[in-house]
Amino acid sequence: GFFTPVARRLTKYRFNGLSHRGRTTAVSQLMTHYRDTRIRVLISGFSQNIANYMNETFNLYGFRATANSHLEFLRGTNEEDILLIIISNSGDTQRLVELAEIAQKHQMALIAFVGDKKSKVGDLATLTISTNTYSPKILQSFTPNFFFGTVLNQFELLLNGALKNLYEAP
């Protein structure tokens, strides 16, 4: 298929050091390919709220998206017709690492929004977008958690650029 070689090429180049424009271009390429297929936003825990927002936004713009945390959705899936997005503050949540490993094994395109770019999920993703905000903490420390707000801002900026490229391209 069309995207499998692109997914291999994207994986080879690693996007951790890209500028905002480079990440927008990468997201645009993925959105162009998956415009008429499926997007799965995979999460665990507190990331559910961000996943629901992403899911609704994708659907608003005509993409077929689903937010869930179920491994079963990947079994028996044709890897060329699905884009995976994982949201994980630590990037090391075991269930999400397993999903990222399955995605890599089957050469599925995977965008990871993580708090630590050197996390396991970040290392396995096709495109890693790190907030660089992760630090293990105790809830009693009363320190603000910037991960979710930063993910939401990054998602909005990247999606806006990708949609402009999709719909305003000459």
Side-chain angles (χ1 to χ4, degrees), residues 1-43 47-70 73-74 76-89 91 96 99-100 102-115 117 121-133 146-170:
F2 162 79
F3 198 73
T4 302
V6 176
R8 284 189 197 121
R9 189 170 62 244
L10 291 176
T11 302
K12 188 191 315 182
Y13 288 113
R14 307 302 304 157
F15 285 113
N16 291 340
L18 283 182
S19 66
H20 172 69
R21 176 179 268 180
R23 287 190 306 268
T24 300
T25 300
V27 170
S28 293
Q29 290 173 354
L30 292 167
M31 296 285 86
T32 298
H33 179 73
Y34 291 99
R35 179 185 292 183
D36 298 319
T37 61
R38 295 176 294 162
I39 299 172
R40 296 269 189 248
V41 185
L42 307 171
I43 43 65
S47 297
Q48 181 70 50
N49 293 321
I50 300 297
N52 289 340
Y53 179 84
M54 288 181 177
N55 177 56
E56 292 297 325
T57 302
F58 282 130
N59 287 323
L60 177 69
Y61 287 107
F63 295 92
R64 292 175 39 207
T66 305
N68 61 60
S69 60
H70 303 292
F73 281 101
L74 294 183
T77 302
N78 180 353
E79 59 266 11
E80 298 201 18
D81 67 0
I82 189 169
L83 170 63
L84 301 175
I85 298 174
I86 289 181
I87 306 167
S88 175
N89 189 7
L96 298 176
L99 293 169
I102 291 169
Q104 187 180 58
K105 178 181 175 185
H106 294 285
Q107 299 178 333
M108 296 172 149
L110 167 62
I111 299 173
F113 287 89
V114 294
K117 67 182 172 186
V121 170
D123 286 341
L124 293 165
T126 306
L127 171 60
T128 301
I129 301 165
S130 176
T131 63
N132 295 317
T133 57
F146 294 108
F147 174 72
F148 301 104
T150 305
V151 165
L152 188 57
N153 287 328
Q154 288 177 334
F155 170 74
E156 282 293 329
L157 289 168
L158 291 168
L159 184 63
N160 177 268
L163 290 171
K164 282 182 179 180
N165 288 341
L166 277 171
Y167 296 111
E168 294 178 1

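Computed from a prediction, not measured in an experiment: that's the story for all the values here.
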Worksheet item: Do the non-hydrogen side-chain atoms of T131 and V151 ever get within less than 4.5 Å of each other?
Response: yes
Response to the item:
Heavy atoms of L124 and A100 approach each other most closely as CD1-CB, 3.7 Å
Item to complete: Report the distance from atom CZ of R23 to atom CG of L127, rounding to the nearest 0.5 Å.
Response: 8.0 Å
Discussion item. Could you check whether F148 and Y53 have their ring centres less than 6.0 Å apart?
Written reply: no
Practice prompt. Quickly, which of L84, I39, L83 forms a side chain to side chain contact (heavy atoms under 4.5 Å, CB included) with I111? Name it, please.
Written response: L83
Worksheet entry | Non-hydrogen atoms of G161 and S28 that approach each other most closely | O-OG, 4.0 Å
Worksheet item: Taking it one step at a time, do L110 and Q104 satisfy side-chain contact (heavy atoms from CB on, under 4.5 Å)?
Response: CA-CA 8 Å; L110 167 62; Q104 187 180 58; over 6 Å; no
Practice prompt. Over all heavy atoms of both residues, which pair between V114 and G91 is shortest? Give the atoms and the distance, please.
Written response: CG1-CA, 4.0 Å
Worksheet item: So, do T66 and R38 sit near enough that their side-chain heavy atoms are less than 4.5 Å apart?
Response: no
Discussion item. Within 45 degrees of the ring normal and closer than 6.0 Å to the centroid, is that where the cationic atom of R35 sits relative to Y167?
Written reply: yes
Worksheet item: Does a side-chain heavy-atom distance below 4.5 Å link N160 with K164?
Response: yes
Fill in: Result of checking I129, T57, V27 against F155 for side chain to side chain contact (heavy atoms under 4.5 Å, CB included)
T57
Practice prompt. Look up atom CZ in R64 and atom CD1 in I82, then write down how far apart they are to the nearest 0.5 Å.
Written response: 10.0 Å
Discussion item. Tell me the closest heavy-atom pair linking F63 and N59, and the distance in Å.
Written reply: O-OD1, 2.8 Å
Practice prompt. Give a yes or no answer on whether the side chain of N153 reaches the backbone of G149 with a donor-acceptor pair at less than 3.5 Å.
Written response: yes
Discussion item. I need the minimum non-hydrogen distance between F147 and S47, along with the two atoms involved.
Written reply: CE2-OG, 4.3 Å
Item to complete: Could you give me the CA-CA distance, side-chain angles and deciding distance for F58 and L159, then say whether side-chain contact (heavy atoms from CB on, under 4.5 Å) is met?
Response: CA-CA 9 Å; F58 282 130; L159 184 63; 3.9 Å; yes
Worksheet item: For I87 and M54, what are the C-alpha separation, side-chain angles and deciding distance, and is it a side-chain contact (heavy atoms from CB on, under 4.5 Å)?
Response: CA-CA 10 Å; I87 306 167; M54 288 181 177; 3.6 Å; yes
Practice prompt. Over all heavy atoms of both residues, which pair between Q154 and S130 is shortest? Give the atoms and the distance, please.
Written response: NE2-O, 3.5 Å
Worksheet item: Would you find a donor on one side and an acceptor on the other, under 3.5 Å apart, between the side chain of T126 and the backbone of A109?
Response: no
Practice prompt. Establish, from distance only, whether the side-chain atoms of E56 and N52 form a donor-acceptor pair under 3.5 Å.
Written response: no
Worksheet entry | Nearest-0.5 Å distance that lies between atom CZ in F113 and atom CG in L158 | 6.0 Å
Practice prompt. Please tell me if the side chains of L166 and T32 come closer than 4.5 Å, counting only heavy atoms from C-beta onward.
Written response: yes
Fill in: Among I43, N55, L152, the one residue meeting side chain to side chain contact (heavy atoms under 4.5 Å, CB included) with I50
L152
